[in-house]
Amino acid sequence: MAHPQFAAELLQRAEQQGPITIGLAGAGQMGTDIVVQVALMPGMRIGAISEVRPQAAIDAALLAGHDRSDIVQAGNAAAIDRAIEAGKIAVTEDLHALASAGRIDVIIDATGNPNIGTLFALEVMKNGKHIVMLNVEADITIGRFLKEEARKAGVVYTGAAGDEPACTLEIIGFARSLGFNIIAAGKGKNNPLKIDAMPADYEKEAAERNMNARMLVEFVDGSKTAIEMVAIANATGLVPDVPGMHGPTATLEELAGVLCPREDGGVLHRKGVVDYSIGKGVAPGVFCIIETRHPRVLERMIDLKVGKGPYFTIFRPYHLTSLEVPLSAARAVVYKRADMEPLDHPVAEAVAVAKSELAPGQLLGMIGENDYRGFAMTWEDARARGALPLGLAERAKVVKPVKTGDFLTYENCVPDDSMVITQIRRRLDQSDGRFVTNAA
């Protein structure tokens with residue numbers, strides 16, 4: 001959560017050292033939002049945008065109110081630096097140039113591709129720059145490796161403010177700092193859950209919402225919820241209570257009475273879990289269910305109309321997605337602090353479950369397409385099943401028949417070893433003592 005004086009600190013820093021200069025990779029929907037929002041923020045600026053479609057970056061800068069004469073094409077790092085020194089925004093097609101430009105303080109990865117995002121993050125950190133990753137898929141697959149690389153490079157690797165995981169962490173941190181026991185934390189699911197959703201059925205809705213159908217399905221089929229809850233788990237130590245989580249239809253008023261232990265009338269087998277609700281009044285917010293047994297604190301919480309106790313819901317009714325992301329970039333520069341980073345060892349895993357029958361020889365598509373969906377479970381459970389991490393499913397090759405609803409595993413699929421994310425994850429698994437079938 002931003003300090004009340006943060007805006008003043010940014011202005012003061014800008015007066016003394018110049019504005020915080022952000023490099024942005026990707027000018028899609030989220031990237032465009034970031035360009036527009038930064039133009040409204042004190043003490044910050046976009047220095048350069050890397051985009052394979054340069055016109056998209058130019059359009060984003062124009063939408064943010066920059067003059068066309070202040071947006072210049074740059075083919076290398078030196079040209080980016082010259083543009084920034086002249087107070088202009090550089091547009092480049094070269095991620096390497098963006099990573100190595102000297103006038104950039106921090107880089108936001110909004111590319112949306114786990115493998116490209118991983119390669120890019122490593123290069124950014126080697127160039128001594130902080131990195132804000134919107135790429136939760138990469139983070140849940142190899143985030144602890146990226147965090148360690150950042151530590152070695154003396155920079156910050158952080159998840160992005162505004163996304164549900166970082167917003168949930170805000171209230172978990174608030175509750176923990178007050179000494180409350182955390183029972184459950186998570187989000188309201190924005191779309192109805194339909195685990196067999198296919199992009200062809202969502203083309204019309206996606207067009208109306210100015211979205212890509214595959215990205216919409218990633219939300220509808222539960223993949224994104226699994227990814228986000230695993231990200232929270234691996235940053236906090238909270239775990240999915242059961243494979244797939246409970247996902248009750250609890251309303252905001254009902255949450256504390258449902259996501260609590262079974263002996264107290266709830267659904268949980270244990271305390272300290274991640275979960276989500278599809279009940280009314282929770283989305284688009286995030287929540288934390290806390291417990292207190294002290295009679296004085298109970299009396300005050302009930303008196304303040306937080307709930308009936310001993311379980312209470314702490315709730316943030318919004319998350320501003322890409323609009324909040326620049327705050328993570330600013331905090332990385334000013335405070336040298338991550339808003340969200342994984343623990344040294346994972347406690348949860350998002351794995352891939354078949355959405356249709358898969359045949360040997362088939363190469364798998366992307367998350368949100370027709371082949372598989374994301375599913376959350378504990379890290380130990382995923383390891384025992386030999387389940388394939390969701391972040392390695394794209395371009396994996398099916399080697400044994402897989403039925404709809406079955407887990408993709410290292411036995412029935414071989415991940416694409418040409419991808420650096422696969423290579424890094426294999427090394428992590430081997431260092432954990434995990435036996436990986438089909439390992440090269």
Indicate whether any N or O donor in one side chain lies under 3.5 Å from an N or O acceptor in the other, for N113 and T111. no

So, does E15 use its side chain to make a donor-acceptor pair with the main chain of Q12 at under 3.5 Å? no

Quickly, which of K308, R293, K271 forms a salt bridge (charged side-chain N to carboxylate O under 4.0 Å, His left out) with D264? Name it, please. R293

For the side chain of N412 and the backbone of T409, is there at least one donor-acceptor N/O pair under 3.5 Å apart? yes

Tell me if a side-chain donor or acceptor on D221 pairs with a main-chain N or O of S223 at a distance below 3.5 Å. yes

For M215, does the CE atom have more than 12 heavy-atom neighbours from other residues, nucleotides or ligands under 6.0 Å away? no

I'd like to know if D196 pairs up with R373 as an ion pair, taking the criterion as any Lys NZ or Arg NE/NH1/NH2 lying under 4.0 Å from an Asp or Glu carboxylate oxygen. no

I would like to know whether F6 and Y335 meet ring pair (Phe, Tyr, Trp, His ring centres under 6.0 Å); could you show each step before the answer? CA-CA 11 Å; F6 195 41; Y335 300 138; 5.4 Å; yes

Verdict with supporting geometry, E137 and E218, side-chain contact (heavy atoms from CB on, under 4.5 Å): CA-CA 12 Å; E137 290 80 358; E218 188 179 341; 2.9 Å; yes

I need the M133 CE to I107 CD1 distance, nearest 0.5 Å. 12.0 Å

Does E228 come within less than 4.0 Å of K224, counting only side-chain N to carboxylate O? no

Do NZ/NE/NH1/NH2 and the carboxylate oxygens of D429 and R426 come within less than 4.0 Å? no

Is the backbone N or O of T21 less than 3.5 Å from a side-chain atom of D105, with the two atoms forming a donor-acceptor pair by type? yes

Under 4.0 Å between a side-chain nitrogen and a carboxylate oxygen: does that hold for E149 and K152? yes

Please assess I131 against V155 for the test side-chain contact (heavy atoms from CB on, under 4.5 Å), listing each intermediate value before the final yes or no. CA-CA 8 Å; I131 180 90; V155 297; 5.9 Å; no

Let's go through F180 and I314 carefully: what are the C-alpha distance in whole Å and the side-chain angles of both, what is the deciding distance for side-chain contact (heavy atoms from CB on, under 4.5 Å) to 0.1 Å, and is it a yes or a no? CA-CA 11 Å; F180 288 118; I314 304 291; 5.6 Å; no

Taking the basic N atoms (NZ, or NE/NH1/NH2) and the acidic carboxylate oxygens, is any pair closer than 4.0 Å for E357 and K400? no

Give a yes or no on whether F174 atom CZ has more than 12 heavy-atom contacts from other residues, nucleotides or ligands under 6.0 Å away. no

Pair D339, S328: side-chain N/O donor-acceptor within cut-off below 3.5 Å: yes

Check: E341 side chain, G159 main-chain N or O, donor-acceptor pair, under 3.5 Å: no

Does R151 come within less than 4.0 Å of E148, counting only side-chain N to carboxylate O? yes

Between the side chains of D241 and H269, does any donor sit under 3.5 Å from an acceptor? yes

Basic-acidic side-chain contact under 4.0 Å: E324, R316: yes

E9 and R13 ion-paired at < 4.0 Å: no

Is the centre of the F219 ring less than 6.0 Å from the centre of the Y202 ring? no

For R425 and F145: C-alpha separation, side-chain torsions, deciding distance, then whether side-chain contact (heavy atoms from CB on, under 4.5 Å) applies. CA-CA 9 Å; R425 178 54 192 255; F145 171 82; over 6 Å; no

Are F407 and F375 an aromatic pair by the rule of ring centers under 6.0 Å? yes

